Amino acid sequence: MRASQLFAPTLREVPAEAEIVSHQLMMRSGMIRKTASGVYTYMPIAWRVMKKIMNIIREEMDAEGGQELMMPGVQPAELWLKSGRWDVYGEELWRLKDRHGRDFCLGPTHEEVITTIVAGDVKSYRDLPLRLYQIQTKYRDERRPRFGLMRGREFIMKDLYSFDRDDAALEESYQAMYRAYTNIFTRCGLKFRPVQADNGAIGGTASHEFMVLAQSGEAEILYCSECRYAASAEIAQSGSDQESNKEEAKNREEVYTPDCKTIDDLAGFLKISPEKTIKALCYKADDELVLVLIRGDRTVNEIKLKNALACLDLQMATDEDITRVMGSSMGFVGPVGLKGVKILADLEVPNMTNGVCGANKKDYHLINVNPDRDFSIDQTADLRLAKAGEPCPECGGKLLSARGIEAGQIFKLGNKYSKSMGAKYLDETGREQLMVMGCYGIGVGRTMAAAIEQNFDDDGIIWPISIAPYHVVVVPVSDRSEEQVQVAESIYLKLINKKVETVCDDRKERPGVKFKDADLIGYPLRITVGSKTLAEGKVEVKVRSTGEVHLVEVGKAADFAEQLLKEL
RNA sequence: CGGGACGUAGCGCAGCUUGGUAGCGCACCUGAUUUGGGAUCAGGUGGUCGCAGGUUCAAAUCCUGUCGUCCCGACCA
């Protein structure tokens with residue numbers, strides 16, 4: 001490719017709306033242009049990178065028995081009504097009507113479509129396992145698209161769906177994808193970490209997220225300093241650092257605590273540490289009020305709570321709800337004497353002795369409250385938000401925190417969709433069984449953005465070699481030097497003959513402009529043909545990532561570059 | 001969806017308070033000089049000031065509505 005013909009309009013200035021590095025550099029290097037909020041055009045350079053990422057994905061999917069197909073982007077409402085997600089998915093589902101007024105949506109994911117197909121055409125255990133995937137545009141009408149390609153409303157995703165006969169077979173599919181994902185992100189040259197994750201609205205029984213480590217990541221990861229434990233902070237289990245409490249149970253008392261509405265107020269007023277208090281929070285879970293108890297210094301993790309309650313909708317109760325059902329106001333709610341409301345407690349609560357909680361009476365709290373003796377708990381569960389510094393739930397080591405970009409996620413779905421969409425097969429004994437499914441996604445654009453977040457400097461992008469849009473740029477310093485132009489051209493042609501992906505910067509620009517653009521776009525190697533070295537019959541070969549410069553004879557430059565690329 | 005900000009040339013911005021000729025830098029085009037890290041000089045192209053109403057002799061500027069964009073939060077297969 002000749003730079004004079006390459007459509008890569010670079011910008012000197014950063015567009016005001018680009019907030020993070022990858023977005024800024026993709027805009028500046030002419031890789032992407034915004035067409036609407038969260039909707040981008042991939043320009044030629046970006047598309048080359050994405051095709052490389054997609055090819056790596058294809059190779060690894062195929063290696064694990066995946067078969068590529070292509071499903072429609074437009075999906076009829078009936079499929080979603082059948083799975084129950086038409087009503088559950090909410091506003092993120094991009095809905096539309098056809099000319100007859102029939103409901104459709106733009107696919108945010110494809111469980112409904114693929115499961116329907118498989119249900120119709122696969123009837124025997126002999127046809128399983130089946131692993132089908134596509135690389136396709138997905139639509140999610142995000143409330144808040146942001147950070148360029150990181151969170152778009154239209155984006156390209158690889159999604160594979162596995163169909164197996166039982167849980168053991170699903171485990172094999174899951175492990176196969178885990179391996180494939182590890183290979184994919186490794187081959188893309190990324191530093192990443194698989195972490196345990198929440199299953200979210202997709203439902204199912206196990207999940208890992210593949211997090212590309214980067215400061216700008218939206219997700220927090222907690223990982224153990226000692227063992228292999230790593231989890232998304234939103235689901236990380238909480239190890240307990242609670243000393244077993246030997247305190248003698250004392251008599252319960254009601255105390256006057258005017259204006260103590262928060263735990264801090266209360267602890268300050270009573271001169272006790274927040275750990276002695278039992279925080280009581282009222283939630284509305286699918287219209288049922290529940291009381292959640294947790295140690296005063298802890299934070300409730302609403303994802304854990306939602307999972308523990310197995311509810312679809314979870315909200316904090318309003319002051320009105322609390323007054324109506326509990327007969328007391330926010331800040332003074334407590335479990336003692338409470339009737340008709342389900343009480344959930346975090347794992348730490350049953351072990352507390354002589355705690356402090358609301359008295360269900362304005363301006364009063366109870367001290368020396370003891371679980372079991374003073375109130376009963378309907379359900380205990382791990383409900384608190386784990387934090388860095390806490391003990392690892394598996395080995396007791398210390399949890400550390402890191403930030404990551406969720407580039408891929410794998411799920412065990414179980415039979416959630418095979419049940420609703422009727423995906424069944426006959427086993428050896430002729431009995432009908434539900435297929436057991438898994439689904440596995442990778443965001444292609446997000447992976448590209450993540451690669452930039454992890455590999456850049458003040459001058460621009462430093463592509464991992466495996467996904468670099470081109471490998472070499474040949475730069476004649478002066479476009480008026482016949483000799484330089486000719487030497488550059490000959491090196492360029494030699495590289496092209498060797499099938500090395502090369503750009504020749506033949507533009508009528510000053511050298512500074514070409515160098516700046518080369519660094520910005522991030523070609524791994526730059527061959528500079530200039531008067532300084534040409535006098536000795538040599539050219540410079542510069543490595544973008546390290547800055548090292550090799551002086552090489554003109555005739556050997558192409559071979560040298562080819563060799564050097566193999567070592568990167 | 002709650003809070004905040006913004007919309008003037010392809011990009012970055014000024015002008016708006018106090019209504020009266022639409023401006024600067026970069027980019028782009030022409031010419032000259034220049035050529036190893038985003039050149040200089042001269043000349044030039046390009047804007048219904050997001051859109052729609054209203055007030056006014058007169059609106060980028062004031063008022064109303066509307067659309068769009070970004071940030072924080074909530075949310076997120």
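Just so you know, these numbers come straight off a predicted model, no measurement behind them. Naming: A, B, ... by sequence-line order, numbering from 1 per chain. Atoms considered below: every heavy atom in the structure, side chains included; atoms not considered: hydrogens, waters and symmetry mates.
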Go through the structure and list residues passing salt bridge (charged side-chain N to carboxylate O under 4.0 Å, His left out) with [X], not counting sequence neighbours.
| X | value |
| --- | --- |
| A:E540 | none |
| A:D167 | none |
| A:D459 | none |
| A:E142 | A:R151 |

Reckon [X] touches a base, only the sugar-phosphate, or nothing at all at heavy-atom distances under 4.0 Å?
| X | answer |
| --- | --- |
| A:K542 | base |
| A:D519 | base |
| A:E302 | sugar-phosphate |
| A:E142 | nothing |

One thing to verify: whether [Y] and [X] come together as a salt bridge, which I'm taking to mean a side-chain N less than 4.0 angstrom from a carboxylate O.
| X | Y | value |
| --- | --- | --- |
| A:E548 | A:K542 | no |
| A:E489 | A:R2 | yes |
| A:E68 | A:R58 | yes |

Pairing nucleotide - [N], Watson-Crick or G-U, each distance under 3.5 Å:
| N | result |
| --- | --- |
| B:C49 | none |
| B:G43 | B:C29 |
| B:G38 | none |
| B:U61 | none |
| B:C6 | B:G68 |
| B:A74 | none |
| B:A22 | none |
| B:A14 | none |

Value in whole Å for how far the [atom2] atom of [N] lies from [atom1] of [X]:
| X | N | atom1 | atom2 | result |
| --- | --- | --- | --- | --- |
| A:R151 | B:C70 | CZ | P | 14 Å |
| A:R544 | B:G37 | CZ | C1' | 13 Å |
| A:Y283 | B:A74 | OH | C1' | 13 Å |
| A:R28 | B:C11 | CZ | P | 16 Å |
| A:M27 | B:G10 | CE | P | 14 Å |
| A:L520 | B:G38 | CG | P | 15 Å |
| A:R153 | B:G68 | CZ | C1' | 11 Å |
| A:K514 | B:G36 | NZ | C1' | 11 Å |

Hey, which of A:K82, A:Q75, A:R85 is the one that makes side chain to side chain donor-acceptor pair (under 3.5 Å) with A:E112? A:R85
Check this for me: does the side-chain of A:D517 come within 3.5 Å of the base of B:G38 through a donor and an acceptor?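 By the distance-only test, yes, there is a pair.
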Which value, in whole Å, describes the distance between the [atom1] atoms of nucleotides [N] and [M]?
| N | M | atom1 | value |
| --- | --- | --- | --- |
| B:G68 | B:C51 | C1' | 10 Å |
| B:A14 | B:C6 | C1' | 15 Å |
| B:C1 | B:G15 | P | 33 Å |
| B:A27 | B:C63 | P | 37 Å |
| B:U45 | B:G3 | P | 47 Å |
| B:C24 | B:C62 | C1' | 26 Å |
| B:G47 | B:A42 | P | 25 Å |

With no hydrogens and no angle check, do the side chains of A:E154 and A:T137 hold a donor and an acceptor under 3.5 Å apart? no
Counting only side-chain N and O atoms of A:K34, is one of them less than 4.0 Å from OP1 or OP2 of B:C70? yes
Which donor-acceptor pairs under 3.5 Å do side chains of residues 6-17 of chain A form with protein atoms, sequence neighbours excluded?
{"residue": "A:T10", "atom": "OG1", "partner": "A:D517", "partner atom": "OD1", "Å": "3.1"}
{"residue": "A:T10", "atom": "OG1", "partner": "A:D517", "partner atom": "OD2", "Å": "3.4"}
{"residue": "A:E17", "atom": "OE1", "partner": "A:K34", "partner atom": "NZ", "Å": "3.1"}
{"residue": "A:E17", "atom": "OE2", "partner": "A:K34", "partner atom": "NZ", "Å": "3.2"}

Might you list the N or O atoms of the protein lying below 3.5 Å from N or O atoms in nucleotides 30-34 of chain B, with each pair's distance?
{"residue": "B:U34", "atom": "O2", "partner": "A:R510", "partner atom": "NH1", "Å": "2.6"}

Residue whose closest nucleotide on RNA chain B lies nearer the 5' end, A:D479 versus A:K516: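 Its nearest nucleotide lies further toward 5', so the answer is A:D479.
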Comparing A:L534 and A:R146 on RNA chain B - which has the more 5′ nearest nucleotide: A:L534
Proximal nucleotide (of B:A39, B:G37, B:G36) relative to the A:V513 side chain: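 That would be B:A39.
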Which listed nucleotide (B:U35, B:G37, B:G36) is nearest to the side chain of A:S478?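 Per side-chain heavy atoms of A:S478, the pick is B:U35.
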side-chain contact (heavy atoms from CB on, under 4.5 Å) against A:D346, all qualifying residues, sequence neighbours excluded: A:I294, A:E348, A:V349, A:D382, A:L383, A:R384
RNA chain B contacts among residues 12-25 of chain A, heavy-atom distance under 4.0 Å: A:R12, A:E13, A:V14, A:P15, A:A16, A:E17, A:E19
Once ring pair (Phe, Tyr, Trp, His ring centres under 6.0 Å) is applied, do any residues pair with A:F515, and if so which ones, sequence neighbours excluded? none
